[in-house]
S.K.: 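One structure follows; several queries about it will come next.
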Amino acid sequence: MHADKTNRMIYDYLRSATLQFAQDQYGVHLSPDLLQVQKTRKEFSGDFTIVMFAISKIAKKSPETCAGELGQWLREHYGNIVGSFNVIKGFLNIEIVSGFWIDFFVAAADQDYFRIKPTESQKPVLIEFSSPNTNKPLHLGHIRNNLLGHSLAEILKASGKQVVKLNLVNDRGIHICKSMLAWQRWGNGETPESSDTKGDHLVGKYYVLFDQHFKEELRQLSGSGSNEEDAEAKSALMADVREMLRRWENGDSEIRRLWEMMNTWVYEGFDETYARIGISFDHTDYESDTYLLGKDIVLEGVQQGKLIRKDDGSVWADLKPINLDEKLLLRSDGTSVYMTQDIGTACSRHERYEPQLMIYVVGNEQNYHFDVLKKVLDQLGFAWSDKLLHLSYGMVELPQGRMKSREGTVVDADDLMEEMYETARKTTMELGKIDEFEPDELNKLFHMLGMGALKYFILRVDPRKTMLFNPQESIDFNGNTGPFIQYTHARIRSVWRKAIESGWKTGSMAELIYLQPEKLPAKEKELLRILYEFPMVVKEAGDGLSPATVANYAYELAKEYNQFYHEFSVLHEKDVTLARFRLALSVLTGRVIKSAMQLLGIEVPERM
RNA sequence: GGCCCUAUAGUUCAACGGAUAGAACGGAAGUUUCCUAAACUUUAAAUCCAGGUUCGAUUCCUGGUGGGGCUACCA
């Protein structure tokens, strides 16, 4: 067996061999999902472990007996990969022959080994993420969203998928009018230029200002005895906002001009932020273009009797049978709601792309919304509704709880990135290893490290889980962090440069890695084993929609390499063959680290 | 009220139903004439509670308790 592209998955190989064994020797058929093959835990000797309990039960023999017999059988029939084995309780630990690892190494030395080519003519995977409102700047929550979306797109691409990244900007609606009204009333013509403020921050300022004035008005109203709800209905400010929205919807040129101007400011700000985060989109859609979509579809649904029209004219989907209550789709005045628009957008995307999957990266506070969306589409008869996938990620919380823009506890994206840059700068300068860097290079490095720390901090956590961010304690640069992994890469590159400088004949990787299998040392083998896992990790991350899988892998690999690096020398090794082998192993490790980090949207430096 | 998610060292995170629950930070103690000490080594420290299923449960089920979210003719 060769570790070539067509047969990388040794797990599958061992699994099918075991199934064959069960069939041939015990005459039992074992369902493949009951059979567990896993990496051997560190405290035991061996590379892979087959768990015997399932077989032993069916074969009616003790787990130990089965394990022994299987081990023997594997050695006889698969001696080219199975070397030795040991049995502990119900676990069969198998040691793979060194030749297998060397073969894998030779194959992996090819630059393209880890690259999966996209299948021709396959349907794309759509992934919508970011989806900001144009009334305030991006914050930490958006950062998690953006990083997840970007990383997931990279991971899916690496698994050979065609990916289309979409952004749907919420650029209209009552909340947008609030900042517009506030600017119109109290802005005195202020612009990003005149105030030297980033456009999205300037607009955000007026959104907050509106809220302050509105609250003040409420205080006065409720002072005169009415309750809060009445007060809101009576509010002159709210009435003006609603009026502004009406004028916007009627295409009033003055309002439209104001709207366009302020949105342009915001987009300029967003572009800057996106560039700094390092994300991009294939298409950006605007709700002002799409918000009317879906109305016709809903009306058609009424005609076909799939939806209910109530006496007041409003239209509803009845989801009570599946426990989701009734959901409004058209108001009594015939206007649409958010759900209507999402129905329309989904339909038009389906027509345009015929995707194999439509992934929505949206916070878990909208779980209900997406459940309903899927069910309504299904009820309307769209068979493709099962292609919708909500990547529901958890909120980023602060020590005092959820971020609230009203209470000023929002962690601003731009501020945070600036802080990370600053921390990277300070830390790097203190260590003082990069004296010969040009200012340009320094700037790039600080950005790389600051963003690396931030991105890794966020992506290493399972997306579905609520995560905590403490602004008081700055994000670490030591331990299980982005910079730790970046540092490992820099170290490896440094070794490589030193090798070149001292006149090593490096030639091709394939020449370097020649080593007699029986001379493969344990630590090197351990590294190879981890490198071997990479394609499976990418697949797992894609299937599970979890960049965290890749992040944890990158850390494991970096940690393993650092141990190796500390314990053994590459360039000072006297055995030339072994030294060259170690050099090639280092280079390959560096490549995989770089690839893994790229899947997270993190760059790695040549030196730091 | 109903529905959904969640609970692991002091803290932040890991662990397809598998073996002695891993890391990092913080704590304690070490390693630098040697390829980058943003590293490495040693050490103390955890599965919310009660049942159940299983050869085996942090993981699955039931019931509690704590935390979060959703439940608008808002977006």
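On a predicted model such as this, the values are computed, not experimentally measured, just so you know. Chain identifiers are assigned alphabetically (A, B, ...) following the order of the sequence lines, protein sequences preceding nucleic acid strands; residue numbering begins at 1 within each chain.
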S.K.: For A:L449, which contact category applies under a 4.0 Å heavy-atom criterion: base, sugar-phosphate, or nothing?
M.R.: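 Base contact.
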
S.K.: So is the aromatic ring of A:F91 stacked onto the base of B:A19, judging by whether the centres are under 5.5 Å apart and the planes are under 30° apart?
M.R.: yes

S.K.: Looking only at atom P, what distance separates B:U59 and B:A50, rounded to whole Å?
M.R.: 13 Å

S.K.: Within the stacking criterion (centroid distance below 5.5 Å, interplanar angle below 30°), does A:F53 stack on B:G18?
M.R.: yes

S.K.: Assign A:Y555 to base, sugar-phosphate, or nothing according to its heavy-atom contacts below 4.0 angstrom with the strands shown.
M.R.: sugar-phosphate

S.K.: For A:T466 and B:U6, is the shortest distance between a side-chain N/O and OP1 or OP2 below 4.0 Å?
M.R.: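 Negative; the distance criterion is not met.
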
S.K.: Tell me whether the side-chain N/O atoms of A:K498 come closer than 4.0 Å to OP1 or OP2 in B:U36.
M.R.: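 For B:U36, OP1 or OP2 has a side-chain N or O of A:K498 closer than 4.0 Å.
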
S.K.: Can you tell me if A:R460 touches the phosphate of B:A24, counting only side-chain N or O atoms and a distance under 4.0 Å to OP1 or OP2?
M.R.: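 So the side chain of A:R460 is outside the cut-off, no N or O lying under 4.0 Å from OP1 or OP2 of B:A24.
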
S.K.: Tell me whether A:F44 and B:A19 count as stacked here, given that the ring centres must be under 5.5 Å apart and the planes must differ by less than 30 degrees.
M.R.: yes

S.K.: With a 4.0 Å cut-off on heavy atoms, is A:T49 in touch with a base, just the backbone sugar-phosphate, or nothing at all?
M.R.: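 The residue A:T49 makes base contact.
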
S.K.: Check this one for me: any side-chain N or O of A:R402 less than 4.0 Å away from OP1 or OP2 of B:C70?
M.R.: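 Yes, within the criterion.
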
S.K.: Using atom P in both nucleotides, what's the gap between B:G26 and B:U11 to the nearest angstrom?
M.R.: 16 Å

S.K.: Side-chain N or O of A:K465 less than 4.0 angstrom from OP1 or OP2 on B:A7?
M.R.: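 Affirmative; the distance criterion is met.
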
S.K.: Is there a donor and acceptor pair, one atom on the side chain of A:D476 and one on the base of B:A38, closer than 3.5 Å?
M.R.: no

S.K.: Does a nitrogen or oxygen in the side chain of A:Y487 sit under 4.0 Å from OP1 or OP2 of B:A38?
M.R.: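 The answer is yes; a side-chain N or O of A:Y487 sits under 4.0 Å from OP1 or OP2.
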
S.K.: Closer than 4.0 Å, any side-chain N/O of A:K559 to the OP1 or OP2 of B:A24?
M.R.: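 Affirmative; the distance criterion is met.
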
S.K.: Any side-chain N or O of A:Q563 below 4.0 angstrom from OP1/OP2 of B:U41?
M.R.: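 For B:U41, OP1/OP2 do have a side-chain N/O of A:Q563 under 4.0 Å.
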
S.K.: Is there a side-chain polar atom (N or O) of A:N478 under 4.0 Å from OP1 or OP2 of B:A39?
M.R.: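 A:N478 to B:A39 OP1/OP2: side-chain N or O found under 4.0 Å.
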
S.K.: OP1, OP2 of B:A72 versus side-chain N and O of A:R331: anything below 4.0 Å?
M.R.: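 No, A:R331 has no side-chain N/O under 4.0 Å of OP1/OP2 on B:A72.
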
S.K.: Looking at B:A15, I'd like to know if its phosphate oxygens (OP1 or OP2) sit under 4.0 Å from a side-chain N or O belonging to A:K42.
M.R.: no

